[in-house]
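Step one of this worksheet: look at the structure below.
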Amino acid sequence: MRVSIKLKFSVFLAALLILTVVVLSSLVLRGIERNQQTQIETILSQQTRLVNLNVRQSYYTESVRLEQEVFLQQNGRRLAQELASSTGLPIALYDMKGQQVGSSIMSEESPDITATLNYALQNKIAYHEQGDTLLYMAPLDGPDGQMGVVRMQYPVQSYHEFYARILQLFMWAGIAVVGLSFILGYLFYNRFAVAITRLKKSADSIREGHYITKSPVSRKDELGELGQGIYYMSTSIQQNIEAMHAEQQKLQLAIEKLQALEQQQKQYIGNISHEFKTPLTSIKAYVELLDMYKDDPQLLDDATSNIGKETERLYEMVEKVLHLSALEKYDFENQAEDVEVRALLEDACGRMRGKAEKFALNMELTLLPAVIRSDRESLMHIFINLLDNAIKYNVPGGVIRVSNELRMQERQAVIRIFNSGTPIPDEASEKIFEPFYTVNKDRARKTGGTGLGLSLVKQFVEKQGGTITLLPSDPKHGEGTTFQLVFPLAHSSLQVGNKSE
């Protein structure tokens, strides 16, 4: 929520005034309170001396000298009445055992009085307030030391009323001063706020590209100088910013394109040169051998076979490079349709089953009905490539497991293709999707691998809105390699899933 600066300044001034009034009133009220306390203590101290004087005088005028305790027991009631008449205050007398020996007070004893009495019996003065009455207890001195305690009740209602009137006066005066100051401060700061608002609007206009033609404020102070500076800044920016912005965009775009092109060119040239070199070296070597030993029929058969394999591998690499380049340069329209995954996977496994049986591999299918929205031919290309890899990089007599599951809550279909070959190291889990990357170069050459298949698969998967990942090997299901595909379910599959629930 936006709060204007004039309101902030006014609130700050009001807060400062409130703090000043509170501090001053607190100091004055505390002074009044201390003065009242000193006045009451002085009066009660004088009354205590008068009581002690009267008690000692009465003690010495006795015809027979008695123990202090016996004297209080016999004369306590009389002394309390006489002392109350002379001081004008309710008085009670207690012996050193804390027992009341005389009183002109009609109220009953309370736990607070008992605690105060015990303190006073230690030859100390103690007092506390009970409503509008101050309970005051002081030692009662005899000729041989403390003989008991005198209790006086002093009315303090007038002091409380005076304190309350002063407090109310400060409150009303403070409210009036703060209110008036807030109004005057608000009007005063409003002049500054208007100028600052104009400066802000001018800065916003410049930021949006609408440049000003004159100073937003006409003042002979710092705000006026700031307005003039904003005007000069706007004029300077207007002359340069548009041309600079256009040139910067062109330059940035050119740099990005050049960098991307250079990186792509270096990567492809390096990878293609490296991958093409091996089969070409093999072909060249056989050609040289044939030139040297033209009449060797065994060499002729070996050369024909190996040159054919290497030529086929070169042809496959060229095809995949062209296909990969086309995918990166052009965004072909997919023929999206509802595809039943289980049927498509069974079809792909049927096509690859003969090649799997050639290597004594067993295919195990655990499939559920699932419908995804995708391009059928792209999906078939994905499945065929992954199944072909599962065959190439498996072990003799191994197994290939194809399974899927539905995640109705995430609205996803998950497909897993497992082969029991040598697991791919964790550090290569991301690199295997890069063009020309192979985990084992020697084995890739033996199986005819080009390092482009998984890169093409990833491109196809992402264009269908899916993801492909290499799962960590799970010892519970046997060592091997598992690729996981995740595709969003089609609407029809979601309806079927909801009905089954």
Side-chain angles (χ1 to χ4, degrees), residues 6-54 80-94 103-120 124-140 149-189:
K6 57 184 177 181
L7 182 59
K8 289 181 180 179
F9 283 169
S10 302
V11 170
F12 175 77
L13 178 61
L16 189 60
L17 290 171
I18 291 173
L19 179 62
T20 304
V21 171
V22 169
V23 171
L24 290 176
S25 60
S26 298
L27 293 174
V28 173
L29 291 172
R30 184 174 295 179
I32 292 174
E33 189 176 24
R34 288 178 178 176
N35 182 65
Q36 289 179 343
Q37 184 178 1
T38 303
Q39 184 179 358
I40 293 171
E41 289 177 354
T42 302
I43 293 173
L44 290 175
S45 178
Q46 293 174 354
Q47 295 292 347
T48 301
R49 286 196 295 271
L50 179 61
V51 167
N52 280 319
L53 181 61
N54 288 336
Q81 296 297 331
E82 291 176 358
L83 292 171
S85 298
S86 63
T87 60
L89 299 174
I91 289 180
L93 299 177
Y94 301 85
S103 174
S104 66
I105 302 171
M106 303 303 295
S107 61
E108 297 180 357
E109 302 286 339
S110 66
D112 292 336
I113 294 176
T114 303
T116 308
L117 175 61
N118 291 333
Y119 190 81
K124 297 178 181 179
I125 296 175
Y127 59 87
H128 70 272
E129 288 188 13
Q130 288 183 336
D132 292 330
T133 301
L134 179 68
L135 177 63
Y136 184 89
M137 290 189 180
L140 188 62
V149 172
V150 59
R151 166 188 165 193
M152 290 181 282
Q153 292 186 182
Y154 187 78
V156 293
Q157 182 177 1
S158 60
Y159 296 94
H160 290 171
E161 290 175 352
F162 177 78
Y163 186 89
R165 287 196 299 271
I166 297 298
L167 177 61
Q168 189 175 20
L169 178 63
F170 273 116
M171 289 179 60
W172 285 112
I175 291 173
V177 169
V178 171
L180 182 61
S181 301
F182 180 83
I183 294 172
L184 294 176
Y186 188 87
L187 296 176
F188 178 75
Y189 289 129

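Every heavy atom of this structure was used, including side-chain atoms; hydrogens, water molecules and symmetry mates were not.
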Nearest 0.5 Å, please: how far is [atom2] in [Y] from [atom1] in [X]?
{"X": "I40", "Y": "Q36", "atom1": "CD1", "atom2": "CD", "answer": "6.5 Å"}
{"X": "Q157", "Y": "L134", "atom1": "CD", "atom2": "CG", "answer": "14.0 Å"}
{"X": "I166", "Y": "E33", "atom1": "CD1", "atom2": "CD", "answer": "13.0 Å"}
{"X": "R30", "Y": "N35", "atom1": "CZ", "atom2": "CG", "answer": "15.0 Å"}
{"X": "L50", "Y": "L44", "atom1": "CG", "atom2": "CG", "answer": "12.0 Å"}

How close do [X] and [Y] get, heavy atom to heavy atom, and via which atoms?
{"X": "H160", "Y": "D132", "value": "ND1-OD1, 3.3 Å"}
{"X": "S103", "Y": "A80", "value": "N-CB, 3.6 Å"}
{"X": "I91", "Y": "T87", "value": "CD1-OG1, 3.3 Å"}

Does the side chain of [X] reach to within under 4.5 Å of the side chain of [Y], using non-hydrogen atoms?
{"X": "L89", "Y": "P155", "result": "yes"}
{"X": "L135", "Y": "Q153", "result": "yes"}
{"X": "P139", "Y": "I125", "result": "yes"}
{"X": "I113", "Y": "R151", "result": "yes"}
{"X": "F162", "Y": "I32", "result": "yes"}
{"X": "Y154", "Y": "Q47", "result": "no"}

Just wondering, more than 12 heavy atoms not from Y163 lying within 6.0 Å of its OH? yes
Partner of V149 by side-chain contact (heavy atoms from CB on, under 4.5 Å), out of L140, L117, N118: L117
Decide whether R49 and S45 meet the rule of one side-chain donor and one side-chain acceptor closer than 3.5 Å. yes
For the residue pair Y127 and Y136, does the interplanar ring angle fall in the parallel (under 30°), tilted (30 to 60°) or perpendicular (over 60°) class? parallel
Worked check of side-chain contact (heavy atoms from CB on, under 4.5 Å) between N54 and E82: CA-CA 9 Å; N54 288 336; E82 291 176 358; over 6 Å; no
Please check if the side chain of N52 supplies one atom and the backbone of T48 the other of a donor-acceptor pair under 3.5 Å. yes
